[in-house]
Amino acid sequence: MSTENTERQVEHDVLLVNDKTKNKIQVVKGLDKEGKLETVPATKKNQNQFLKVDRNGDFFSNFFSNFFSQLKNPTQFTFFRVPELLTIKMANQMQKELNQSGPTHELFLKHQITEVGNEPKKENKVAEPTKEGGQYSSNKFDIKDIDWDSLSRLGLSKEKLQEMDLLEPLLQGYKTKDLVAVNLDLGSAVFSLDARLSLQKNEEGKVVMALEGVKKYPNLNVPLYGHEFSKQDKHNLLKTGNMGRVVELVHPTTKEKIPSVVSVDRLTNNLVVTRVEKMQLPQEVKGIVLNEEQLQTLKEGKPLLVEGMTSAKGNLFNAEIQFNAAKGHIEFLFDNTNKQSQAQTQNQSQLSDDLKTFRGKELTEKQQSDLLEGKPIYIKDLLDKRGNTYQGYVTYNKETKQADFSFQNPNKQEQSKAQTQSEKQTDEPKKSKGRKM
């Protein structure tokens with residue numbers, strides 16, 4: 001009996017994986033005899049095949065080290081560690097974010113794990129993972145190397161960055177996804193600005209905080225590392241955010257000419273550069289495998305029309321894609337107005353056309369029936385963008401085909417309003433009768 005109780009108390013984690021050649025989130029099943037990764041879709045019927053690992057820190061660390069050392073082609077995959085009970089929900093959420101082709105997502109950063117082999121370190125390589133609190137961390141910077149006293153003069157502290165969920169992405173080498181209010185105290189003057197933050201090493205090897213302030217317009221009238229922008233360069237950068245070609249930029253120290261692509265950071269209007277050799281291009285986009293000619297077009301910084309892609313809803317569509325140096329990956333060149341309209345519609349409802357899912361959560365037949373009858377349904381274990389669970393009530397309007405979400409029961413709210421109105425109506429005759437007397 002005691003053994004059974006012990007087993008029930010063991011909490012497990014599950015490994016999710018993103019195959020970079022397919023951009024598809026799946027659940028790890030194991031390794032075959034040749035060391036090839038075996039995966040299954042994140043569905044209920046496959047739950048018995050999910051590879052489950054004891055959440056205990058030492059056990060997981062040893063397991064993943066052995067697992068990674070046996071894996072064939074490890075650089076092809078990115079692994080994520082998630083709680084067993086949330087496996088399907090988090091896999092669906094990660095896939096949705098991956099399909100959006102946006103900037104690096106917090107959900108990815110929060111759950112990503114990395115194990116690097118014993119190959120020699122190269123320039124700009126992410127540091128070998130270290131063990132922190134029983135979990136693997138793929139941080140590029142060590143929190144101990146940060147000069148917190150200097151950052152305090154910017155109004156920044158370790159606690160503040162943690163509260164804003166910014167510390168972990170910064171340590172992993174990413175820029176902050178959003179602008180951060182920074183207060184500069186220069187002694188004789190104090191002023192504030194909004195900026196994107198990132199950690200960098202200066203020439204002395206010291207870790208410093210880099211601030212990218214917001215500009216009204218990108219500065220295209222001044223040469224960038226020796227390159228003078230042509231009229232067409234300026235037009236492309238202002239229209240699409242990408243220059244659309246490869247240029248040789250001169251390294252300020254070594255004077256080396258480096259083939260690079262240039263884009264505009266749409267959040268700050270600063271110019272961002274990526275070396276051609278560092279460009280990460282997918283082999284497959286929305287179900288379409290790119291050939292060598294198409295990959296070469298993207299490597300040259302040019303836009304590429306891809307036809308016959310499949311959207312998350314299963315619809316076929318055509319669109320131009322292009323590498324964006326500010327984002328570090330390709331982006332879809334949709335019209336901004338259409339993108340905003342689509343995003344508003346999606347956020348408004350997020351209920352599938354067949355009423356079978358709401359925000360990635362599968363609905364029972366009873367819940368679907370209640371929605372069609374105009375009744376509110378209660379849904380638990382929904383996931384926000386940070387991977388946290390929440391719950392609430394969903395209602396459905398058959399005429400507009402839109403869903404509404406509320407943390408409170410709409411029926412109780414209506415009953416409360418009706419009761420208040422009824423009490424007012426009941427009190428009015430009493431007051432009137434009192435005046436007659």
Side-chain angles (χ1 to χ4, degrees), residues 20 75 101 103-104 116 119-127 140-141 172-175 195-283 285 290-305 320-331 333:
K20 297 175 184 177
T75 57
S101 186
T104 305
V116 181
E119 68 273 14
K121 291 184 179 180
K122 299 178 182 179
E123 185 180 358
N124 295 328
K125 184 175 182 63
V126 175
K140 184 177 181 179
F141 300 97
Q172 292 183 346
Y174 297 104
K175 294 180 183 179
R196 291 187 75 175
L197 310 181
S198 63
L199 292 175
Q200 297 179 5
K201 285 188 177 181
N202 60 17
E203 295 180 356
E204 301 173 353
K206 183 179 179 181
V207 178
V208 296
M209 185 71 76
L211 310 180
E212 288 189 20
V214 179
K215 297 178 180 177
K216 191 171 184 180
Y217 302 104
N219 191 353
L220 304 179
N221 296 321
V222 177
L224 175 70
Y225 298 119
H227 172 70
E228 294 188 5
F229 296 103
S230 67
K231 185 176 181 180
Q232 187 63 46
D233 290 341
K234 295 178 181 179
H235 172 78
N236 292 343
L237 285 166
L238 293 174
K239 182 180 180 182
T240 68
N242 306 313
M243 195 162 71
R245 67 185 180 114
V246 173
V247 292
E248 290 189 338
L249 303 181
V250 180
H251 192 283
T253 304
T254 65
K255 305 304 178 183
E256 174 190 5
K257 292 184 178 181
I258 304 172
S260 307
V261 292
V262 183
S263 298
V264 175
D265 183 331
R266 293 188 178 93
L267 199 60
T268 64
N269 280 325
N270 285 297
L271 297 174
V272 182
V273 174
T274 296
R275 298 186 180 197
V276 170
E277 63 183 28
K278 298 292 184 182
M279 293 172 67
Q280 295 183 2
L281 301 176
Q283 302 295 316
V285 180
L290 303 179
N291 58 37
E292 290 299 324
E293 183 179 352
Q294 290 173 312
L295 289 172
Q296 183 59 34
T297 298
L298 292 174
K299 188 171 287 189
E300 293 173 359
K302 300 175 183 178
L304 171 69
L305 175 64
E320 281 190 317
I321 61 174
Q322 190 174 27
F323 184 84
N324 183 286
K327 295 179 179 179
H329 54 69
I330 64 165
E331 64 176 353
L333 301 180

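All residue numbers in this chain count up from 1 along the given sequence.
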Heavy-atom closest pair, residues [X] and [Y]:
| X | Y | result |
| --- | --- | --- |
| Phe141 | Lys201 | CE2-CG, 4.0 Å |
| Ser260 | Leu249 | CB-CD1, 3.8 Å |
| Val285 | Pro282 | CG2-CG, 3.8 Å |
| Ala325 | Val261 | CB-O, 4.0 Å |

Close side-chain approach of [X] and [Y], heavy atoms under 4.5 Å:
| X | Y | answer |
| --- | --- | --- |
| Lys302 | Glu320 | no |
| Ile330 | Leu281 | yes |
| Glu331 | Ser263 | no |
| Leu333 | Ile321 | no |
| Leu298 | Leu290 | yes |
| Leu271 | Val264 | yes |
| Met279 | Thr274 | yes |
| Leu295 | Gln283 | yes |

ask   = In this structure, are over 12 heavy atoms from other groups packed under 6.0 Å from Lys234 atom NZ?
value = yes

inquiry  = Can you confirm whether more than 12 heavy atoms, excluding those of Glu293, are under 6.0 Å from its CD atom?
reply    = no

Side chain to side chain contact (heavy atoms under 4.5 Å, CB included) assessment of Arg245 paired with Asp233 = CA-CA 8 Å; Arg245 67 185 180 114; Asp233 290 341; 2.8 Å; yes

query = Yes or no on side chain to side chain contact (heavy atoms under 4.5 Å, CB included) for Val276 and Lys299, after CA distance, side-chain angles and deciding distance?
reply = CA-CA 7 Å; Val276 170; Lys299 188 171 287 189; 3.7 Å; yes

key: Any donor-acceptor N or O pair under 3.5 Å, side chains Glu292, Gln296   =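 Absent: no donor and acceptor within the cut-off.
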
ask   = Looking only at side chains, do Asn242 and Asn324 share a donor and an acceptor under 3.5 Å apart?
value = yes

With rounding to the nearest 0.5 angstrom, report the [atom1] to [atom2] distance, [X] to [Y].
| X | Y | atom1 | atom2 | result |
| --- | --- | --- | --- | --- |
| Met243 | Gln322 | CE | CD | 10.5 Å |
| Glu228 | Asn221 | CD | CG | 10.5 Å |
| Asp265 | Arg196 | CG | CZ | 4.5 Å |
| Asn270 | Lys215 | CG | NZ | 4.5 Å |
| Leu211 | Thr268 | CG | OG1 | 11.5 Å |

ask   = Stepwise, does the ring pair (Phe, Tyr, Trp, His ring centres under 6.0 Å) test hold for His227 with Phe229?
value = CA-CA 6 Å; His227 172 70; Phe229 296 103; 5.2 Å; yes

key: Glu204 vs Lys206, salt bridge (Lys or Arg N to Asp or Glu O under 4.0 Å): CA-CA, chis, key distance, verdict   = CA-CA 6 Å; Glu204 301 173 353; Lys206 183 179 179 181; over 6 Å; no

task = Carefully, step by step, assess Val247 and Leu224 under the rule side chain to side chain contact (heavy atoms under 4.5 Å, CB included).
result = CA-CA 11 Å; Val247 292; Leu224 175 70; over 6 Å; no

message = Met209 vs Leu199, test: side chain to side chain contact (heavy atoms under 4.5 Å, CB included). Steps then yes/no.
response = CA-CA 5 Å; Met209 185 71 76; Leu199 292 175; 3.8 Å; yes

query = Backbone N or O of Asn291 within a donor-acceptor pair of the Gln294 side chain at under 3.5 Å?
reply = yes

